[in-house]
Number of protein chains: 2
Amino acid sequence: MISAATPAAPPQALAGVFARLAPHLQELDRFLRGQLAAFEPEIRPLATSCVDASGKRIRPALVFLSGWDGTQKVSPELVRAAAVVELVHLATLVHDDIMDGADVRRGRSTAVREIGPTAAVLLGDALFAHALNLAAQFPTTEVCLAVSESARRVCSGEIMQTLRRGSTGITRADYARIIELKTAELFRVSCYLGARISGMQPEYAEATCLFGRHLGIAYQIYDDLADFFGNEGRMGKTLGTDLASGKMTLPLFHLLERLPQAEKAALSEEIAGTQPPRLAHRLAQMREHGVLSSVTRSVEAELKTAAGALRAWGDAPPTPLLLDLVEVLRTQLSSLADKA
Amino acid sequence: MISAATPAAPPQALAGVFARLAPHLQELDRFLRGQLAAFEPEIRPLATSCVDASGKRIRPALVFLSGWDGTQKVSPELVRAAAVVELVHLATLVHDDIMDGADVRRGRSTAVREIGPTAAVLLGDALFAHALNLAAQFPTTEVCLAVSESARRVCSGEIMQTLRRGSTGITRADYARIIELKTAELFRVSCYLGARISGMQPEYAEATCLFGRHLGIAYQIYDDLADFFGNEGRMGKTLGTDLASGKMTLPLFHLLERLPQAEKAALSEEIAGTQPPRLAHRLAQMREHGVLSSVTRSVEAELKTAAGALRAWGDAPPTPLLLDLVEVLRTQLSSLADKA
């Protein structure tokens, strides 16, 4: 995971870009804690748990980096925008955990486990409402417009994915659209907000949007790969959950396309949930058919497109730091490859 | 129910105020249908079902009435604000139906029944996100600020109620706070938006807020009464659901306070769900102890406070129409009394 908190021995690039962001992320944490006072006293402990459990802060990092002005100054407007995207993300996590029946996230008991699904639905709603309230505290409606539109798109992507669980009738184009909406959209808008709030010229804001979008796609495909090829201990989560829950991801597309007819039918039944998932067997087949390296090439292609979006903007202060993020993801990707 | 669609033989007051609102509510319906285009094509049929299933439109009515300028002109800004509050309300209904496991609402299959709880959580989120997007289409952030704050308060009220289900440890003050947040808040903000958008003077906007708040409290207590004393056929919903789901409402407070110790303990077990609810028995006890008339007095007191908030503003164009709404609720309340 891209994270300032968890890496055992962070590679240089990661240490570099996150070391630069440390004061910003600390300021964000202080700000988020201050926001808890806005919640009704009865709800505050629940909201506090959600803020405590948040970990990666990659979307806030994109806000800070896209709005980087070349100094170490921490702009209060960027902190507020970073809080908006993080709260939207936290709200989606609370709702995701309900759907997945997850008991633990990042070593902590989930909201759904603590307060039950009903209250957890509402807690996610309250976090989202407060995100939009923060967005409305900017002088114009621009942040609210962008974030509410993005949030609707994120939900739409998640709905599409949910309605297609257990189905192998889904196409690669469907998958591409789902991850573009559910993941890349919030990455994109994080870049947009950072660049716009810092007064970057519109063409550069557009370039960072394209960067964010493709970094988001790459990140989601990486995450889908990690569900099969990750290190369970280091990632802090169970592997094989996508196969078990019938979620078609790129590694499964690749495998299905390569399997002979009878095996393809058997795998389809595992995805549909009519047969138990045979993770070890499917992993062996994935190795045999080179699924990891072919899906890795898809991630690489997205990272290349992301980096390419900034090619004409090498002199802009954020560019080298955004490109560092690409390297961070590339390093994590290669750690998957090392294991296979 | 306060409704333009369902009353069999509408009393004069209801016919009057809703006849005046007919062009506004038609315009709202057209506008909401136009908004469906903003949803991703894959999600549009789901959002359409929600808009089709919406019925009472009491919150939009409050927007239109509080912003009434004395003419029959339908202001596009009021229509947009009415759509915002209605979409927030629809989002909460979608989430409520998940929690209640409701299959049918207003004679239609619920979203949760059609697409399952997971997708229904997300659909509610998407409706809410779009409500905030519409709110952000006003020239300033004022609507977004007010609506996002209200939405958080509505969620907080619902969370408090949920976490206290099955408990008789809840106080009347807790109940008052819960209904103030979960119901009165959206009534209040509907009045606020109508008055502000129509450029009413701030003191009048404040008065309509107070009116909306107390009308909302009255409406919720009426609704809680109707769950025991309503006409099942005419209301289109099952009675006794609050007792069955362990939700402490004012009629139950009154009954508990009047019962002898042993009966009180038995009723507490029914509320806690450790004994099956005995609705007919409890209704008989409520009749014996005059619960309907004592709770009716609470509703009347709230309606009186609501009307009193507008006392100094008899000449303002919205005032007579807002007072008509009070009469509508009073009429519905007395139809409960007739049955007991």
Side-chain angles (χ1 to χ4, degrees), chain A residues 38-44 46 88 91-92 95-96 98-100 115-163 165 174 177-178 181, chain B residues 38-44 46 88 91-92 95-96 98-100 115-163 165 174 177-178 181:
Chain A
F39 289 81
E40 282 61 38
E42 296 91 335
I43 308 310
R44 210 169 291 152
L46 306 175
V88 169
T92 68
H95 284 180
D96 281 354
I98 301 169
M99 303 176 214
D100 296 342
I115 58 177
T118 302
V121 168
L122 295 160
L123 178 62
D125 294 348
L127 289 170
F128 181 50
H130 191 63
L132 269 296
N133 193 258
L134 277 179
Q137 290 173 32
F138 284 90
T140 73
T141 56
E142 184 179 9
V143 179
C144 251
L145 268 177
V147 171
S148 58
E149 167 111 19
S150 271
R152 196 203 63 243
R153 289 166 59 83
V154 170
C155 294
S156 296
E158 297 256 17
I159 295 173
M160 291 174 206
Q161 177 175 282
T162 302
L163 295 181
R165 277 204 182 184
D174 295 329
R177 181 153 163 78
I178 286 169
L181 291 169
Chain B
F39 288 83
E40 282 61 39
E42 297 91 334
I43 308 310
R44 211 169 289 152
L46 306 176
V88 169
T92 67
H95 284 180
D96 280 353
I98 302 169
M99 304 174 214
D100 296 340
I115 58 177
T118 303
V121 169
L122 296 160
L123 178 62
D125 294 347
L127 289 169
F128 182 51
H130 191 62
L132 269 295
N133 192 257
L134 277 179
Q137 291 173 30
F138 284 89
T140 73
T141 56
E142 185 180 9
V143 179
C144 251
L145 268 177
V147 171
S148 57
E149 167 111 18
S150 271
R152 196 204 63 242
R153 289 167 58 84
V154 170
C155 295
S156 296
E158 297 256 18
I159 295 173
M160 290 174 206
Q161 176 175 279
T162 302
L163 295 181
R165 276 204 183 184
D174 295 331
R177 179 152 164 81
I178 286 170
L181 291 168

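Each chain gets a letter, A, B and so on, in the order the sequences are listed, and its residues count up from 1. Owing to the predicted nature of the structure, the values given are computational and were not obtained by experimental measurement. Hydrogens, waters and symmetry mates are skipped; everything else that's a heavy atom, side chains included, is used.
- Residue B:Leu46 touches chain A through its side chain alone, counting heavy-atom pairs closer than 4.5 Å.
- For A:Leu163, the part sitting under 4.5 Å from any heavy atom of chain B is the side chain, from C-beta outward, and nothing else.
- For chain A, the nearby parts of B:Phe39 are the backbone and the side chain; heavy atoms of each come within less than 4.5 Å.
- Taking both residues in full, the closest heavy atoms of A:Leu181 and A:Gly157 are given as CB-CA, 3.6 Å, listed atom of the first, atom of the second, then distance.
- Checked options A:Glu40, A:Arg44, A:Glu42; the residue passing with B:Ser156 is A:Glu40 (criterion: side-chain hydrogen bond (donor to acceptor under 3.5 Å, both in side chains)).
- When heavy atoms are compared at a cutoff of 4.5 Å, B:Thr162 approaches chain A solely by way of its side chain, counted from C-beta outward.
- Chain A forms more heavy-atom pairs under 4.5 Å with one residue of B:Gln161, B:Arg153, B:Glu142, B:Arg165 than with any other, namely B:Arg153.
- When all heavy atoms are compared, the tightest approach of A:Val88 to A:Ala131 is CG2-CB, 3.7 Å.
- Contact annotation for B:Arg177: only side-chain heavy atoms (C-beta onward) come within less than 4.5 Å of a heavy atom of chain A.
- Contact of A:Ile43 with chain B is made through the side chain alone, with heavy-atom distances under 4.5 Å.
- Rounding to the nearest 0.5 Å gives a distance of 12.0 Å between SG of B:Cys144 and CG of A:Leu134.
- For the set B:Pro117, B:Ala120, B:Cys155, the count of heavy-atom pairs under 4.5 angstrom toward chain A peaks at B:Cys155.
- Taking both residues in full, the closest heavy atoms of A:Phe128 and B:Asp125 are given as CE2-O, 4.3 Å, listed atom of the first, atom of the second, then distance.
- B:Asn133 and A:Glu149 get closest at one heavy-atom pair: ND2-N, 3.5 Å.
- Proximity to chain A (any heavy atom under 4.5 Å) is restricted, for B:Thr140, to the backbone atoms N, CA, C and O.
- Interface remark: of the candidates B:Leu145, B:Val154, B:Val121, B:Leu145 forms the most heavy-atom pairs closer than 4.5 Å to chain A.
- In this structure, the portion of A:Pro139 lying under 4.5 Å from any heavy atom of chain B is its backbone and not its side chain.
- Remark: side-chain polar atoms of A:Arg152 are paired, donor with acceptor, to backbone N or O of B:Ala38 under 3.5 angstrom.
- For the pair A:Ala91 and A:Leu127, the tightest heavy-atom approach, listed with the atom from each and the gap, is CB-CB, 4.0 Å.
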